[in-house]
Number of protein chains: 2
Amino acid sequence: MKDDALKLQNQLCFPLYALSKEIIKKYTPLLDELHLTYTQYLVMMVMWEKQTINVKAIGDKLYLDSGTLTPLLKKLEVQRLITRQRDTSDERSVIIQITESGLALKEKASDIPAKIGSMFNLNEEELIQLYTIIHKLLKQL
Amino acid sequence: MKDDALKLQNQLCFPLYALSKEIIKKYTPLLDELHLTYTQYLVMMVMWEKQTINVKAIGDKLYLDSGTLTPLLKKLEVQRLITRQRDTSDERSVIIQITESGLALKEKASDIPAKIGSMFNLNEEELIQLYTIIHKLLKQL
DNA sequence: CCTTTTTACATTGTATACAATTTAATATTA
DNA sequence: TAATATTAAATTGTATACAATGTAAAAAGG
């Protein structure tokens, strides 16, 4: 690798980490109204798409393990947004189901993407570049 | 904003968050040898550059607050990598100084950037695009 | 100069993250 | 099929993150 490229890569890992945190901070006030944290919101997005899915599959989608998901899902259960039950056909697995309240919350969350998007002043070309590179990296790692 | 752009932006926040976490996971085995976590490594990078700096300035550079830094800096102090002392000219401020051991650790860490870089199969153009867009976003947020 | 405000750090409380281990169930294979 | 290996969750322990609050010091301003 060229020296320049090495230097540049050095200036990428930290900004990526910082940017990720700053974006999550922007979500926080919007999600407060729904009584969700960012990670809980990610899980609910999966649930809005799937309605029924097990813990393992949620983890695969969100790059999270049971150590993170188990307590988080218990909190969503307390809020009556989901239910948790063992899979009778495979007792190792726990099936997560969205509730009526959970589904209803989707409407309340519907304006969040646009609000967050409006904070990103990127043009279409930049969005596509960023999308392309990030997904390429995620596949590599 | 166009619908397409909105959809794309939706597929950006989460991948950014996931990518950031995956990259940090790649650092972990390398940093284990130095008995540092990723965040501790970021602080040490600041110390290698500055030698002497106060907590507030570290926080500004790394987007971290005293709630995160105070306990982390105490751990680095226990490891004898830094010292902490009140600024006599402004008793509100705490001055962090790197120690000999702390400086010595820089050599051990010198091959980390190249090792991480080798996991990024991006060409120069992509590196520059990513760098440009991330820094643009960080400035906006 | 004295009151008010701001600043820097520490503390408290909540919520991730994740490695490592444990437990129970299922799959594999000798 | 009995022993072994693998898998899915849960648990434990450590380390962030950060909002909110507390505390003490410094700055501002009347």
Side-chain angles (χ1 to χ4, degrees), chain A residues 14 17-32 34-44 53-79 82 84-96 141, chain B residues 14 17-32 34-44 53-79 82 84-96 141:
Chain A
F14 164 67
Y17 150 87
L19 179 60
S20 167
K21 286 194 307 168
E22 292 305 303
I23 292 177
I24 290 171
K25 271 191 222 171
K26 294 293 180 183
Y27 273 95
T28 304
L30 306 178
L31 292 175
D32 278 351
L34 312 186
H35 306 292
L36 292 177
T37 63
Y38 181 71
T39 317
Q40 289 167 7
Y41 171 65
L42 291 180
V43 170
M44 288 310 297
I53 187 174
N54 67 26
V55 175
K56 167 78 168 135
I58 296 175
D60 288 345
K61 278 179 177 289
L62 300 181
Y63 298 80
L64 295 171
D65 70 5
S66 66
T68 302
L69 286 173
T70 296
L72 188 153
L73 290 166
K74 284 180 180 173
K75 284 171 204 158
L76 292 180
E77 189 183 31
V78 168
Q79 290 192 54
I82 59 152
R84 299 162 65 244
Q85 55 182 107
R86 286 278 159 189
D87 183 344
T88 50
S89 73
D90 182 347
E91 290 280 345
R92 291 171 305 179
S93 179
V94 167
I95 297 174
I96 308 299
L141 303 182
Chain B
F14 165 66
Y17 151 87
L19 179 59
S20 167
K21 287 194 306 167
E22 291 306 303
I23 292 177
I24 290 172
K25 270 191 222 172
K26 295 294 180 181
Y27 274 95
T28 304
L30 306 178
L31 293 175
D32 278 351
L34 312 187
H35 307 293
L36 292 177
T37 63
Y38 181 69
T39 316
Q40 290 168 6
Y41 172 64
L42 292 180
V43 170
M44 287 310 296
I53 187 173
N54 66 26
V55 175
K56 166 76 167 137
I58 296 175
D60 287 345
K61 277 178 177 290
L62 301 181
Y63 298 80
L64 294 171
D65 70 5
S66 67
T68 302
L69 286 174
T70 297
L72 187 153
L73 290 167
K74 284 180 180 174
K75 283 171 204 158
L76 293 180
E77 189 182 31
V78 168
Q79 290 192 55
I82 60 154
R84 299 163 66 244
Q85 55 182 108
R86 286 279 158 188
D87 184 342
T88 50
S89 75
D90 181 348
E91 290 279 347
R92 291 171 304 179
S93 179
V94 168
I95 297 175
I96 308 300
L141 303 182

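In what follows, every chain begins at residue 1, and chains take the letters A, B, ... in the order their sequences are listed.
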* Asked: Within less than 4.0 Å of OP1 or OP2 of C:dC18, is there a side-chain N or O belonging to B:Lys25?
  -> yes
* Answer yes or no: does atom NZ of A:Lys21 have more than 12 heavy-atom neighbours from other residues, nucleotides or ligands under 6.0 Å? => yes
* For the residue pair A:Tyr41 and A:Tyr27, categorise the inter-ring angle as parallel (less than 30°), tilted (30 to 60°) or perpendicular (more than 60°). => tilted
* Taking the side chain of B:Ser93 as its heavy atoms from C-beta onward, which of D:dC18, C:dA8, C:dC18 lies nearest to it? -> C:dA8
* Asked: Taking only N and O in the side chain of B:Arg84, is any of them less than 4.0 Å away from OP1 or OP2 of C:dA10?
  -> yes
* N/O (side chain, A:Thr70) to phosphate O (OP1/OP2, D:dA10) under 4.0 Å -> yes
* Asked: Knowing that exactly one of B:Leu42, B:Leu69, B:Val94 qualifies, which makes a side-chain contact (heavy atoms from CB on, under 4.5 Å) with B:Ile58?
  -> B:Leu69
* Side-chain N or O of B:Lys21 closer than 4.0 Å to phosphate OP1/OP2 of C:dT16 -> no
* With the side chain of B:Leu64 defined as its heavy atoms from C-beta on, choose the nearest nucleotide among C:dA27, C:dA17, D:dC18. => D:dC18
* Asked: A:Lys75 NZ to D:dA10 P: how many Å, rounded?
  -> 14 Å
* Asked: With respect to the phosphate group of C:dA10, does any side-chain polar atom (N or O) of B:Lys74 fall under 4.0 Å of OP1 or OP2?
  -> no
* Asked: Between D:dA15, D:dA8, C:dA19, which nucleotide gets closest to the side-chain atoms of A:Arg92?
  -> D:dA8
* To do: Quickly work out the B:Leu69 CG to C:dT7 C1' distance and round it to whole Å.
  => 16 Å
* Candidate nucleotides C:dT16, D:dA10, C:dT26, ranked by approach to the side chain of A:Thr39 - the nearest -> C:dT16
* To do: Please tell me which of A:Asp90 and A:Gly67 maps to the more 5' nucleotide of DNA chain C, matching each residue to the nucleotide holding its nearest heavy atom.
  => A:Gly67
* No-H, no-angle donor-acceptor pair, A:Ser66 side chain to D:dA10 base, under 3.5 Å -> yes
* To do: Could you state the atom-to-atom distance from CG of A:Leu76 to C1' of C:dA15 in whole Å?
  => 12 Å
* **Separation of atom OH in A:Tyr17 from atom P in C:dC18, rounded to whole Å** => 13 Å
* Mind calculating the distance between CG (A:Leu62) and C1' (C:dT16) to the nearest angstrom? => 13 Å
* Asked: Is there a donor-acceptor pair closer than 3.5 Å between any side-chain N or O of B:Arg86 and the backbone N or O of B:Ile95?
  -> no
* First encountered from the 5' end of DNA chain D, between A:Ile95 and B:Glu91 -> A:Ile95
* B:Glu22/B:Lys25 under salt bridge (charged side-chain N to carboxylate O under 4.0 Å, His left out): CA gap, chis, key distance, verdict -> CA-CA 5 Å; B:Glu22 291 306 303; B:Lys25 270 191 222 172; 3.2 Å; yes
* **Interatomic distance, B:Asp32 CG vs D:dT14 P [rounded to whole Å]** => 15 Å
* Asked: Between B:Tyr63 and D:dA17, is there a side-chain N or O to OP1/OP2 distance below 4.0 Å?
  -> no
* A:Asn54 vs B:Thr37, nearer the 5' end of DNA chain D by closest nucleotide -> A:Asn54
* Using a cut-off of 4.0 Å on non-hydrogen atoms, how would the nucleic acid contact of B:Asp65 be classed: base, sugar-phosphate, or nothing? -> base
* Structure fact -> In B:Leu31, B:Asp32, B:Leu30, the residue satisfying side-chain contact (heavy atoms from CB on, under 4.5 Å) with B:Thr28 is B:Asp32
* Write down the distance between OH (A:Tyr38) and P (C:dT16), rounded to a whole number of angstrom. => 13 Å
* Asked: Among C:dT16, D:dT16, C:dC9, which is the nearest nucleotide to the side chain of A:Thr68?
  -> C:dT16
* To do: Could you tell me whether A:Leu72 contacts a base, only the sugar-phosphate backbone, or nothing, with contacts defined as non-hydrogen atoms closer than 4.0 Å?
  => sugar-phosphate
* Taking CG from B:Leu73 and P from C:dA10, how many angstroms apart are they, rounded to a whole number? -> 8 Å
